[in-house]
Structures are given as C-alpha cells and as structure tokens.
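Here is the structure we will look at, set down as structure tokens.
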Amino acid sequence: MLGQRLEVRQGQGLVVTPQLQQAIKLLQLSNQELEAFVEAELERNPLLQRDEPDAPGEGEAAPAEAAASSETELSFEDGRSSAADEAMDVRAEDGWNDASETPAAPTAEAQAGLNDWSRVGAGGSAPDGELERPDTREATLWEHLQAQASAARLSSADLAIAHVLIDMVDEGGYLRGELDEVADRLGCGLDRVEAVLKVCHGFEPTGIMARSVPECLGLQLAERNRLDPAMQALLDNLDLLARRDLAGLKKVCGVDGEDLAEMIGELKALTPRPGAGFGGEPAQTVVADVIVKPDPAGGWRVELNADTLPRLLVDKRYHGVVASGARSDQEKTFVAECAAQASWLVKSLDQRAKTILKVSSEIVRQQDAFLAFGVECLRPLNLKTVADAIGMHESTVSRVTSNKWIATPRGLFELKFFFTAAIASVDGQSTHSAEAVRHRIKSMIEAEAAETDVLSDDAIVDILKEAGIDIARRTVAKYREALRIPPSTQRRRMLRAG
C-alpha cells in the first residue's frame with residue numbers, strides 16, 4: 001500500500017558555500033590572475049588595503065606575506081623536510097577549519113570552514129559548475145603544440161625536452177634559442193635534443209619550430225615532396241631573391257628562367273610565419289611562483305617568490321570608524337559583510353601560499369635526481385603520489401600545479417612538468433620509469449644475433465615480469481613501435497636474409 005510517513009536520517013555532507021567556491025578558485029589561479037582578482041577586491045571592499053613596505057601598521061597584515069619570508073625556506077636533508085609539513089599544518093584555530101555553515105549575512109566569526117579545501121572535489125570533479133566551465137576559447141599556439149607533444153608517444157625524458165623546446169617558440173612559430181644550451185641545462189646530449197626537435201618538426205602547422213626562414217619553408221616543401229636540390233639551393237640563397245638577382249639564382253640553382261619563375265611561385269604559396277594563424281591570449285611574461293636553490297648544507301631550499309604574493313591587510317581602524325557610524329540595518333550588514341570578506345581573503349591567501357609551498361616541496365623531494373643529474377633521471381610521478389605524501393586530495397594537487405611555475409637551477413618549469421608516466425612492478429611495491437623500460441626493451445632486441453634469438457612481444461613480457469616489471473603485451477608493442485623497431489616476424493626475416 002502507498003502511504004506517507006516521516007523519517008529522520010543523519011548523514012554527513014560538504015556544504016560548498018560561495019566563499020569556499022572562491023577559495024578553491026584562488027588555488028588554481030596563476031599569479032597574474034590572482035593579482036587581477038586582488039585588484040578587483042581592493043576596489044570593491046573599503047576595509048582592504050595594500051600593505052606597502054613603508055606604510056605604518058594600521059591593520060592585520062596578510063599571513064601570505066609571512067609565508068613568503070625567510071622562514072619559508074626549506075632545507076632538505078636526505079630528501080625530506082619537516083619544515084614543509086609544519087608550514088602546511090592547517091588546524092582549527094579560530095574556527096578556521098570548523099565545518100559550520102555560513103549564515104546569509106556573514107560576520108567575521110561566521111567564516112569558519114570556508115578554506116578547508118584539501119579534501120574538496122573528490123574524484124577530481126569541481127564542487128560547483130561555476131568553478132570549471134568548458135573552455136570555449138581558441139587554443140593558443142603553445143597549447144596546440146603541447147597537445148601534439150603529449151600525443152607523440154615520446155618517452156618521459158624526450159617529452160620533457162619537447163616541453164622545454166615548445167616554451168622557446170615565439171608567436172611566429174620559430175624556435176628561439178640554442179639547442180646546446182637546452183642540452184646543457186637538462187643534462188642530456190645535443191643529439192638527443194636534435195632528435196626530439198626533429199619529431200616536433202612533424203607537428204602541425206607544417207614548418208613550426210623551425211630555426212630560420214629557409215628551414216621553415218624547407219619543411220613545408222618537404223611535406224609536398226618538392227624539396228629537390230634546385231629548390232634547396234634557392235632556399236640557401238634567399239638573399240639573392242631579396243635583391244632580385246635572378247641571373248645569380250639561375251646560376252646557383254642550375255635552372256632556366258621558366259623553372260626559376262615556377263620555383264619562386266611555389267615559395268610564394270608557402271607560409272613564412274606558421275604560428276601567426278593562432279590567436280588566443282597575448283603573451284605574458286612567466287614569473288616563477290616557487291624558487292629552488294641548492295642548499296650549502298646539502299639538498300635543496302624551496303621558497304615562495306614574495307613578488308607574486310599579494311600584500312594585503314584588514315584596516316581595523318577604518319573598520320571601527322565605519323562600524324560606529326553605521327545607523328541602519330542595511331549599513332551594519334554591509335560593514336559586517338565587508339569585514340568578513342576581508343578577513344576571509346587574507347586567510348585564503350595565506351592558505352593558498354602554504355598549499356603551493358607544501359606541494360612544491362614534495363615535488364622537489366620526489367624529483368631531486370632530476371635537479372642534480374638532469375632529464376634522464378626524471379622519476380615516475382603522479383598526482384596521487386604527491387597527494388598521499390602530503391595528506392591532500394588529488395584534485396587539490398591538480399589545482400595547485402596548474403598555471404604555477406617553479407624556477408630551478410635547470411630552468412623555469414611548470415609544476416606539471418615533473419609528472420611522468422610509471423610502470424608498476426610485479427610485487428606492487430615499487431614502480432619503474434617508462435623511459436627505463438623502453439631502454440631495456442631496446443637493449444634486449446639489439447642483443448638478437450641470430451634468427452633463433454628473436455624475441456616476440458610475449459617473450460619480452462615474460463622476461464620483464466621475471467625482472468619484476470608488470471607490463472602488458474600491448475604496452476610492449478606500443479613502446480617497440482615508438483622506438484621504430486619492427487615486429488619479431490620482420491626482424492626474423494631480416495636476420496635470415498643476412
């Protein structure tokens with residue numbers, strides 16, 4: 001039978017208040033976006049003011065500024081840092097992490113729980129659709145190249161090199177910088193950097209990441225199968241074309257006037273600036289959020305860049321003046337809301353700074369071998385590893401590593417740069433770098449000396465499992481194809497043929 005009844009149920013849930021939504025949003029903003037947000041808050045909230053270094057202390061200084069002081073410098077001993085853990089120990093003082101709800105007209109005491117975001121967004125989803133809207137803007141050239149690099153089946157080390165090369169591309173699509181400097185900075189051979197650049201030359205649009213106009217046009221002609229010796233000679237002597245020295249061009253190219261006119265017409269159909277077709281946002285100077293320096297005592301020192309942290313304070317004296325002068329309920333509510341929002345923003349900036357510091361410190365601890373020895377020593381790393389080590393959720397680590405940059409002795413990198421693929425071991429207790437596994441597969445195949453020594457993909461899987469590497473056959477095949485190694489049947493025929 002159908003009927004009505006009353007039931008009382010007890011449960012737990014997270015109430016995502018507007019303040020908590022903005023706190024989460026603050027975490028994923030870049031330093032440029034954060035500065036714009038703070039400027040808007042300063043215009044909107046009369047109780048907030050910028051803390052100038054020479055200004056008298058009239059209010060409560062932003063804790064974020066304290067987080068950027070010398071006390072945030074971390075000295076790593078044996079790859080660990082207890083100071084990092086202390087810096088991010090967010091406790092429930094002043095009701096800061098209390099899970100209470102916020103009333104409609106918040107006061108300073110009603111801001112409890114607005115910034116305990118370390119466990120928000122379980123499963124990586126945004127707590128509110130307003131936080132992560134679909135990105136409908138046109139992709140920038142940098143984003144376009146990064147996406148192609150991620151899909152290029154490069155090893156972890158080669159992908160890291162590709163990311164660095166892409167960062168050197170200007171708005172016209174040309175590579176600006178010396179490859180030997182890249183090799184020296186990343187601790188790898190020049191031939192390896194050149195090999196990665198050759199792969200990048202296959203990206204769209206054709207001609208991208210060239211180092212000169214002749215190389216850019218040559219890549220486009222090669223795609224059209226028109227880069228013959230005569231055309232190469234024309235590319236090598238573009239200065240003669242600029243001077244309209246047609247007689248000299250006919251001589252160096254070994255063609256007659258008709259052929260030369262046709263070749264010049266083909267050049268005019270090419271794109272000398274392949275990156276110019278991409279709109280997107282104007283280029284902005286990247287400023288590091290975190291700075292890593294060698295510690296004289298050993299290890300690394302990790303500190304926040306104070307120049308990227310807003311210096312704010314709550315003007316308590318002005319708050320007292322306007323609060324005492326408020327007459328109507330509407331005026332009192334406005335003053336209370338401004339005080340609550342100002343206090344919330346100061347504390348939110350503090351927690352944002354501490355969270356970035358803690359995540360960055362763990363990444364440096366995990367990838368200290370890269371900093372010491374170069375790109376070949378990048379370790380397998382994912383969001384979950386970092387999140388578990390510092391007691392946060394993966395979604396929080398993901399937000400922290402988005403649009404954040406770290407300056408190291410090996411260069412300026414986005415925090416996401418340090419996350420590389422890993423392959424599990426058979427015992428499930430450790431992982432192996434994908435790059436190391438690829439190298440082992442290549443070595444095994446290169447050791448094949450006779451027809452009977454040829455290893456099938458299944459045989460390679462068995463050998464790797466005996467060595468403690470848990471890998472699927474399709475993964476072995478994918479790595480073999482990425483190394484441009486033919487299958488076992490073809491290798492067997494090649495050995496049989498001599």
Side-chain angles (χ1 to χ4, degrees), residues 141-142 144-146 148-150 152-222 227 232 235-239 272-275 283 285-288 291-294 300 364 367-379 405-420 433-436 438-439 442 482-484:
L141 176 60
W142 183 86
H144 183 65
L145 295 177
Q146 291 282 0
Q148 293 182 82
S150 300
R153 291 186 175 181
L154 294 170
S155 66
S156 299
D158 288 347
L159 183 59
I161 296 172
H163 288 326
V164 173
L165 293 176
I166 291 171
D167 288 340
M168 298 164 56
V169 176
D170 65 11
E171 64 277 4
Y174 285 88
L175 186 69
R176 303 302 184 189
E178 299 298 330
L179 298 187
D180 54 351
E181 294 179 2
V182 175
D184 182 64
R185 178 154 60 94
L186 295 180
C188 61
L190 177 61
D191 55 344
R192 183 160 196 175
V193 178
E194 292 174 341
V196 174
L197 179 59
K198 186 176 181 180
V199 175
C200 295
H201 281 161
F203 294 170
E204 294 291 338
T206 307
I208 203 71
M209 297 181 69
R211 288 161 287 182
S212 64
V213 173
E215 184 178 32
C216 175
L217 300 179
L219 291 170
Q220 298 177 53
L221 289 168
L227 189 60
Q232 184 62 58
L235 293 177
D236 294 339
N237 294 273
L238 289 179
D239 56 327
R273 287 171 56 85
T285 303
V286 174
V287 180
I291 300 173
V292 179
K293 301 176 182 177
W300 306 95
V364 170
Q367 298 290 9
D368 61 333
F370 162 76
L371 298 175
F373 305 109
V375 71
E376 294 284 358
C377 297
L378 269 176
R379 294 170 179 164
W405 296 78
I406 182 170
T408 73
R410 295 198 175 275
L412 184 66
F413 303 97
E414 190 175 11
L415 287 178
K416 287 187 178 295
F417 168 88
F418 296 97
F419 294 92
T420 61
S433 168
E435 172 63 18
R438 287 189 186 91
H439 180 74
K442 183 179 180 181
L483 293 168
R484 298 184 178 179

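The two residues S155 and R192 have their closest heavy-atom pair at OG-NH2, 3.5 Å. In terms of heavy-atom proximity, L154 sits nearest to A162 at CD1-CB, 4.0 Å. A372 and R410 get closest at one heavy-atom pair: O-NH2, 3.3 Å. Taking each heavy atom of A149 and I166 in turn, the nearest pair found is CB-CD1, 3.9 Å. The shortest non-hydrogen separation linking R438 to S156 is NH1-N, 3.9 Å. Taking each heavy atom of I208 and L219 in turn, the nearest pair found is O-CD1, 4.3 Å.
Listed by chain and residue number, nothing satisfies the ring-ring contact (aromatic ring centres under 6.0 Å, His included) test with F203 (two or more places apart in sequence, or in another chain).
With values rounded to the nearest 0.5 angstrom, L159 atom CG is found 8.0 Å from Q146 atom CD. Once rounded to the nearest 0.5 Å, the distance linking OG1 of T408 with CZ of F417 reads 8.0 Å. Taking CD1 of I161 as the reference point, atom CG of L197 lies at 11.0 Å (rounded to 0.5 Å). Rounding to the nearest 0.5 Å gives a distance of 11.5 Å between CG of L378 and CZ of F419. Here the CG atom belonging to L179 is positioned 11.5 Å from the CG atom belonging to D191, to the nearest 0.5 angstrom. Of the inter-residue distances, the one linking L175 atom CG with C216 atom SG reads 12.0 Å to the nearest 0.5 angstrom.
Sequence neighbours left out, the pairs with a member in residues 172-189 that pass side chain to side chain donor-acceptor pair (under 3.5 Å) are D170-R176. Screening residues 200-213 for side chain to side chain donor-acceptor pair (under 3.5 Å) gives T206-E223, R211-E215 as the qualifying pairs, with residues at least two apart or on separate chains.
Within the 4.5 Å cutoff, the side chain of L227 has heavy atoms near those of the L235 side chain. With a 4.5 Å cut-off on side-chain heavy atoms, L186 and V193 do not count as touching.
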### Task
Test side chain to side chain contact (heavy atoms under 4.5 Å, CB included) on V364 and I406 and set out the steps.
CA-CA 10 Å; V364 170; I406 182 170; 3.9 Å; yes
### Task
Kindly indicate, with the supporting measurements, whether the criterion side chain to side chain contact (heavy atoms under 4.5 Å, CB included) is fulfilled by Q232 and L221.
CA-CA 9 Å; Q232 184 62 58; L221 289 168; over 6 Å; no
